[in-house]
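Have a look at the structure below, then the notes.
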Amino acid sequence: MTAETLIASLQLSMPELILAIGAMVLLMVGVFSSERSTQTVTGLAVAVLIFAGLWLVLRTGEGAAYGGAFLSDPFSKFMKVLALIGSITVMVMTVGHARSAQIDRFEFPVLLLLATLGMLLMISANDLISLYLSLELQSLALYVVAAINRDSIRSTEAGLKYFVLGALSSGMLLYGMSLVYGFTGHTGFDQIANALTSEGRSLGLVFGLVFILAGIAFKISAVPFHMWTPDVYEGAPTPVTAFFAAAPKVAAMAMLIRVVIHAFEPVVADWQQIVVFISIASMLLGSFAAIGQRNIKRLMAYSSIGHMGYALVGLAAGSMTGVRGVILYMLIYMVMTLGTFACILAMRRREGDNVEGIDDLAGLSQTNPFMATVLTILMFSLAGIPPLAGFFAKYFVFVAAIEAQLYGLAIIGVLASVVGAYYYLRVVKVMWFDAPKGEFARTAGELRLVFGLSGLFVLGYVLIGGPLGNAAEVAARTFF
């Protein structure tokens, strides 16, 4: 690599470099400051993320870097902006809750920065090796974050479960990559696609593809690799759960899109069957398993599994319409999820205790009408009721499935949505029709801002959907 190509590569990956250098600097700031440096480090971490996002949008060009292992294109830019917005929002939400959630440590924002760095690298990965390294960078940070409250048995258990099952999925992913490399002789996505076009597929390569998809399915918590999700969502501190539910899902889905649409596009008939199966299983389990849940974080875990299934409906289509639908779905899902978790963080009694039971929301319409209204809007949107944003998210992916003649998949998706609406409407019923059980403490300003903007987005999507759809279409055209 010459000096010119190295400089060009560094310029294309400048947002990632900003995050890496920022994380190292903030680690030193935290180490050499007093124990009460958490808020300072958190504020600086948010500034670093905003700076990286502005550089990404305004200064970063397009092209391949580091010998083709890293790509900067419209798709990666769009998904990186989503991931950065998710990370910034979660950091802002945790400012007033670090102490009550017992995550008042300067390492927390530094770990979120490193996890976000891993996500950006995942989205731009154009090689199996760079994909694996970026995935592990994100995962290692998340393992620690899940168990960051060392005084809580639930948090420690959540971290351990996530670590053990994450190590298993990483092993499956790596084994699949070794099979693909063995049967194609390449690790770069372009070279793998060329080899599959010229030589055709072999049985060994299909096995490798299955293992790779299994490893990635774990990261998006799709069935049958979802088993960690309810326990980790419930056990981890609520700000950590909010982070798990938003940005990492966007990055993992972007990585999955690039792998199947770019590297394995010549064998679409093979991976399409796998994606259809995972999608159906996720939608059905997400809809039925959530019905009996009494903890709202566990409810959101099963909701997340179901929504990943709906997003995969668009991916199964294997078309530009499908990819555009998945991109919009992940955007809308992230906004709805962040708004919902802002409401969950606001579920704090006047005595200072956070509560997580759905029954604790009883009578919220009388004690906090604004929060009850916004949470109602978000629940209706998650259920896919028109004319809210969640309806359009499902509409786009179902249309893509119908265009690809996957009629059975679209019908199962619609029926699963009807079943799923039950447990969202139960939350609404508890808030508006049950007698109050007590009043929550005054909601922090940053939480009111997050769930207020989220509700506004969901309500006003009809007005702003056009420009967002055009941006998603430009991103989707990257592959077609």
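- When atom types are taken as modelled, the side chain of Lys219 and the backbone of Leu256 share no donor-acceptor pair closer than 3.5 angstrom.
- In terms of heavy atoms, Arg349 sits closest to Ala441 at O-CB, 3.8 Å.
- The structure places CD1 of Ile332 at 11.0 Å from CG of Leu382, a figure rounded to the nearest 0.5 Å.
- When the shell of 6.0 Å around CZ of Phe440 is examined, it contains more than 12 heavy atoms from other residues, nucleotides or ligands.
- Annotation: side chain of Ile278 is not in contact with side chain of Met308 (no heavy-atom distance under 4.5 Å).
- Considering only heavy atoms from C-beta on, Arg298 comes within 4.5 Å of Asp231 through its side chain.
- Side-chain atoms of Glu439 and Gln366, non-hydrogen and from C-beta on, never get closer than 4.5 Å to each other.
- Just one residue in the list Tyr143, Phe163, Tyr162 forms a ring-ring contact (aromatic ring centres under 6.0 Å, His included) with Trp228, and that residue is Tyr162.
- Taking the centre of each ring, Tyr302 and Tyr423 stay at or above the 6.0 Å mark.
- The 12-atom threshold is not exceeded at OH of Tyr395, counting heavy atoms of other residues, nucleotides or ligands nearer than 6.0 Å.
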If you apply the rule ring pair (Phe, Tyr, Trp, His ring centres under 6.0 Å), what do you find for Tyr333 with Tyr310, and how did you get there? CA-CA 10 Å; Tyr333 165 78; Tyr310 296 122; over 10 Å; no

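- Put simply, the side chain of Phe457 reaches to within 4.5 Å of the side chain of Leu468, judged on heavy atoms.
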List the steps, then state whether side chain to side chain contact (heavy atoms under 4.5 Å, CB included) holds for Tyr66 with Ser130. CA-CA 10 Å; Tyr66 307 110; Ser130 60; over 6 Å; no

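- Residues Trp271 and Leu213 have side chains in contact (heavy-atom distance under 4.5 Å, counting atoms from C-beta outward).
- Between Leu19 and Leu120 the shortest heavy-atom distance is CD1-CD1, 3.6 Å.
- Here the CG atom belonging to Leu135 is positioned 7.5 Å from the CD1 atom belonging to Ile216, to the nearest 0.5 angstrom.
- Note that OG of Ser72 and CD of Glu16 are 8.0 Å apart. Values are rounded to the nearest 0.5 Å.
- The two residues Ala346 and Thr443 have their closest heavy-atom pair at CB-CG2, 3.7 Å.
- Under the 3.5 Å distance criterion, the side-chain polar atoms of Ser178 are matched with a main-chain donor or acceptor of Tyr175.
- Within 6.0 Å of the CG atom in Leu58, the count of heavy atoms belonging to other residues, nucleotides or ligands exceeds 12.
- In this structure, the side chains of Val313 and Met283 come closer than 4.5 Å at one or more pairs of heavy atoms.
- The shortest heavy-atom contact between Ser381 and Leu388 is N-CD1, 3.6 Å.
- Taken from CE in Met227 to CD1 in Ile305, the straight-line distance is 9.5 Å, to the nearest 0.5 Å.
- Between Leu299 and Val427, the closest side-chain pair of non-hydrogen atoms falls below 4.5 Å.
- In this structure a side-chain-to-backbone donor-acceptor pair under 3.5 Å is present from Thr373 to Pro369.
- The environment of CD1 in Ile129 is sparse: at most 12 heavy-atom neighbours from other residues, nucleotides or ligands sit within 6.0 Å.
- Using a distance-only test at 3.5 Å, with no hydrogens or angles considered, no donor-acceptor pair links the side chain of Ser287 to the main chain of Leu284.
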Step by step, would you call Ile220 with Leu312 a side chain to side chain contact (heavy atoms under 4.5 Å, CB included)? CA-CA 10 Å; Ile220 61 170; Leu312 290 173; 4.2 Å; yes

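- Within the 3.5 Å criterion, the main-chain N or O of Val223 finds a donor-acceptor partner in the side chain of Ser282.
- A donor-acceptor pair under 3.5 Å is absent between the side-chain atoms of Thr60 and the main chain of Leu12, judged by distance alone.
- Under the 30°/60° scheme for interplanar angles, the aromatic rings of Phe341 and Tyr233 are found to stand perpendicular.
- Atoms CG and NZ, on Leu82 and Lys249 in that order, are 15.0 Å from each other to the nearest 0.5 Å.
- In this structure, Phe370 places its CZ atom where more than 12 heavy-atom neighbours from other residues, nucleotides or ligands lie under 6.0 Å away.
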Stepwise side chain to side chain contact (heavy atoms under 4.5 Å, CB included) check, Met14 with Arg59: CA-CA 9 Å; Met14 189 56 72; Arg59 300 291 301 273; over 6 Å; no

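- With Ser87 contributing its side chain and Leu84 its backbone, the two residues share no donor-acceptor pair below 3.5 Å.
- Under a 4.0 Å N-O distance rule, the pair Arg154/Glu356 qualifies as a salt bridge.
- Proximity of a side-chain donor or acceptor of Thr229 to a complementary backbone N or O of Ser221 within less than 3.5 Å is not detected.
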Starting from the C-alpha separation in whole Å, work towards a yes-or-no answer on side chain to side chain contact (heavy atoms under 4.5 Å, CB included) for Arg442 and Arg348. CA-CA 8 Å; Arg442 182 179 173 82; Arg348 182 193 290 181; over 6 Å; no

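- Closest approach of Lys297 and Thr241 over heavy atoms only: CE-OG1, 3.6 Å.
- Interatomic distance, CD of Glu446 versus CZ of Phe451, reported as 10.5 Å (0.5 Å rounding).
- Judged purely by atom type and a 3.5 angstrom limit, Thr376 uses its side chain to pair as donor or acceptor with the backbone of Ala372.
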Are Tyr461 and Phe391 close enough, and set up right, to give a ring pair (Phe, Tyr, Trp, His ring centres under 6.0 Å), and what steps lead you there? CA-CA 10 Å; Tyr461 183 81; Phe391 166 76; over 10 Å; no

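- Looking at Ser76, its side chain does come within 3.5 Å of a backbone N or O of Asp73 through a donor-acceptor pair.
- Using a 4.5 Å heavy-atom threshold, the side chains of Asp434 and Lys429 count as touching.
- In Tyr132, the OH atom is crowded: over 12 heavy atoms of neighbouring residues, nucleotides or ligands sit closer than 6.0 Å.
- When all heavy atoms are compared, the tightest approach of Leu409 to Ala316 is CD2-CB, 3.9 Å.
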